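First up is the structure itself, then whatever we jot down about it.
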Amino acid sequence: MICAQKHKIFGDTLSIYNYSELENKFYNFKGSNKINESKLIAQYYLEKAKKAKKQNYIAEGYVLMHYNRTLSMSLKYIDSLEFIKRNSQEDSYPTRIYLLKGRLYYDSDNEKLALNNFINALKYAKKNKNKRHIAIAEIYLAYLNNYIGKHAEAVKVLQYYYDNGDFLDDNEHEHIRLNLANTLLDINKLQPSLKLIHEGLNSTSKRGEIDRYNQYLSLFGLYNLKSKNYQIAIDNLNKSKNYFSTQPNDLNLNYALLYLGQSYSGLQETEKAIDCFTKIDFHIQKTNNIFPELKEVYPYLIDYYKEKNNKEKQLYYIDRFLTVYKELDSKFRYISRELPRRYDAPKLLQEKENIIREIENKKTISYMFIGFLLLSLSLLILLYYRSKKAEKRHKKIAHDLLQSIANNHSENKVENSENITSGDNLKDRTNRVIAEDVAETILKELNLFETKEHFLKKGITLTTLAKRIKTNSNYLSEIINTHKEKNFNVYLNDLRIDYAISRLAKDKKFRSYKIPFIAEELGYNNEQAFTLAFKKRTGTPLSIYLKEIEKVETTFQKKETNP
């Protein structure tokens, strides 16, 4: 049991926090490189979970405990996690076990075991359709692609998840940005990399993530090295080197020394470059944590001592180079062989299946589209024939209207309309409420209204007409309904349209006016009201009637010209 005194960090008593809050605190300390604080939280978290006998939290406690330990100790905690979760039905397992082991081996420079675990992780992640775990596995496999020099392939994966990995947490997203910036520098895409480096420096500085800040500082040094701004590179790399000298991760220190040595070499300060490269070899001998860029370090040292005629040093670094090269070559060969076979090839086969499926889907869509086009074409043809049939019918109606005018039919009669008659006995057809003489007077007034074409005036209503003929609107409405056999609005429209039918046929000048003007002449407020009334009264559109008039006139003129 941890003593109560150790349950405090900066005055905070850990017992006041729940599991979720403890996890957040742990990862905040870990991200800020506060190792001791994060370890204390992990210990307390695991003890608390064990005391409460909560299996899920115990499992998470082992995850927290495995960070910042030796490889063997970390693997023991992961084995404990695996034991607890061996029969778990959660979609996170066993994928998470493989991801954690893969990361441990990757960080420990055991690329072979890292590859094996990430391949297994990817297999289970796809089986469980866990897109977050798929992403993490593919990201680390991209790092391995980068390790064997396939930088362009690595960039594609990293850029994709950097742009589309909104389901990843801030720490994972920052990790991608750091490695993407590094990989872009490997393929000499300096400006895109510089943008990411500046973003990383700003974000890590604000969050107090010192370790990552200095990693970005090293990359900024590499950017300036590649841009041949050697002194700027040296200034930044010295800062990151001094920081990494105090940290347990020698790989970051070695990279800072590598870029620093290359920068000194660029300034022809050979002695300083040699000092940096010698320190790298010293660290490598202690940890055996080798990396591909060592192929650039040892030839420089060999050439330097050859020029100095120092045979002992020259031989020493030749031996060191052969040893390192052999191990690098072994790793390189394994990763170069296994990564394409176990990751790239299945991925290509999956892409092939996806392309085949996509082509088949496109064919299906094409067939559906063709079917839709054929159906649409059939409908268009049907609508075309219907419109032609309607047009033929409308032309016949228009022709019959013109024929009736030519045969001197009454201007107030049109085919398709109800006849207006007044032959019935007035007494029989008038409501008994209205006196016979009153009805006769109203009918005479209506006759004057029609013959003098007062119906063409605008704004005529039942009330205004009743006032004009000195009766009331009820009597007038009754007389029109009884004797004209229609209501007032229909009666007024019929008078106007019958007038239009006749005048348009006879008056060429009137016919030459624009439709809005003709509508106004006929007492309508607008063109639409007139054209709708015309179609309703005659059964044919105004446009067809006008065309038929022109056609008849043209035919008549030809006959006169050629008797």
Side-chain angles (χ1 to χ4, degrees), residues 393-394 396-398 400-405 407-506 510 515 518-542 544-545:
R393 186 176 71 253
H394 292 149
K396 186 179 183 307
I397 293 170
D400 291 346
L401 285 172
L402 292 170
Q403 192 65 45
S404 68
I405 293 168
N407 292 336
N408 296 318
H409 280 196
S410 169
E411 291 183 5
N412 292 329
K413 291 182 181 179
V414 294
E415 198 166 321
N416 298 346
S417 68
E418 298 171 301
N419 290 331
I420 302 170
T421 61
S422 59
D424 295 329
N425 186 280
L426 182 62
K427 186 174 181 179
D428 292 338
R429 300 197 60 193
T430 305
N431 191 306
R432 291 181 183 179
V433 175
I434 305 174
E436 189 176 333
D437 59 332
V438 173
E440 188 175 348
T441 301
I442 293 172
L443 282 171
K444 284 180 181 178
E445 290 293 333
L446 286 176
N447 188 50
L448 287 172
F449 175 72
E450 293 172 14
T451 55
K452 290 186 177 181
E453 299 173 352
H454 289 162
F455 52 79
L456 298 177
K457 293 181 179 179
K458 259 190 178 183
I460 296 173
T461 63
L462 181 67
T463 304
T464 59
L465 182 57
K467 285 182 180 179
R468 177 179 293 182
I469 63 178
K470 296 177 181 174
T471 187
N472 67 59
S473 57
N474 290 331
Y475 283 5
L476 179 59
S477 177
E478 178 65 29
I479 293 298
I480 291 172
N481 279 308
T482 303
H483 292 273
K484 306 297 181 180
E485 298 182 355
K486 59 190 77 174
N487 64 38
F488 174 76
N489 288 331
V490 175
Y491 167 66
L492 182 64
N493 267 317
D494 287 354
L495 288 173
R496 288 173 171 175
I497 298 304
D498 290 347
Y499 173 85
I501 291 168
S502 178
R503 188 169 175 189
L504 286 168
K506 295 176 181 179
F510 182 67
I515 303 301
I518 294 172
E520 191 173 353
E521 282 284 295
L522 297 173
Y524 289 100
N525 290 324
N526 55 62
E527 175 184 353
Q528 188 181 16
F530 168 48
T531 54
L532 287 173
F534 189 93
K535 174 75 183 294
K536 186 176 181 181
R537 173 66 170 157
T538 64
T540 187
L542 176 64
I544 289 181
Y545 180 64

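Just the heavy atoms: all of them, side chains too, but no hydrogens, waters or symmetry mates, feed the values below. Small disclaimer: the values here were computed from a predicted structure and weren't measured.
- Between E521 and L456 the shortest side-chain heavy-atom distance does not fall below 4.5 Å.
- Of the listed residues (L476, L465, T441), just one forms a side chain to side chain contact (heavy atoms under 4.5 Å, CB included) with T471, and that residue is L476.
- Put simply, NZ on K535 and CD1 on I544 are 8.0 Å apart, with the number rounded to the nearest 0.5 Å.
- Proximity of L542 to L504: side-chain heavy atoms (C-beta onward) are separated by under 4.5 Å at one or more points.
- Checked by atom type, the side-chain pair Y491/E450 shows a donor-acceptor distance below 3.5 Å.
- For the side chain to side chain contact (heavy atoms under 4.5 Å, CB included) with Y524, the lone residue among I518, L532, N493 that qualifies is N493.
- How far CD1 of I515 is from CG of N526: 13.0 Å, rounded to the nearest 0.5 Å.
- Residue I469 holds its CD1 atom at 9.0 Å from CZ of F449, rounded to the nearest 0.5 Å.
- Taken to the nearest 0.5 Å, the NE2 atom of H454 stands 13.5 Å off from the CG atom of L492.
- With a 6.0 Å radius and a threshold of 12 heavy atoms from other residues, nucleotides or ligands, K470 has its NZ atom at or below the threshold.
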Apply side-chain contact (heavy atoms from CB on, under 4.5 Å) to the pair I497 and F530, showing each step before the final yes or no. CA-CA 8 Å; I497 298 304; F530 168 48; 3.9 Å; yes
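- With rounding to the nearest 0.5 angstrom, the CD atom of E453 is 12.5 Å from the CZ atom of R496.
- In this structure the side chain of L522 never reaches within 4.5 angstrom of the side chain of F455, judged on heavy atoms.
- For the pair T531 (side chain) and Q528 (backbone), a donor-acceptor distance under 3.5 Å is present.
- Of all the heavy atoms in I397 and G539, the pair that sits closest is CD1-O, 3.4 Å.
- None of K536, R537, K484 except one satisfies the side-chain hydrogen bond (donor to acceptor under 3.5 Å, both in side chains) rule with D494; the exception is R537.
- By the 30° and 60° cut-offs, the orientation of the rings of Y545 relative to F534 is tilted.
- Rounded to the nearest 0.5 Å, atoms CG (L495) and CD1 (I460) are 9.5 Å apart.
- Counting heavy atoms from C-beta outward, I442 and Y475 have side chains that approach closer than 4.5 Å.
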Side chain to side chain donor-acceptor pair (under 3.5 Å) between N447 and T451, intermediate numbers included: CA-CA 6 Å; N447 188 50; T451 55; 5.0 Å; no
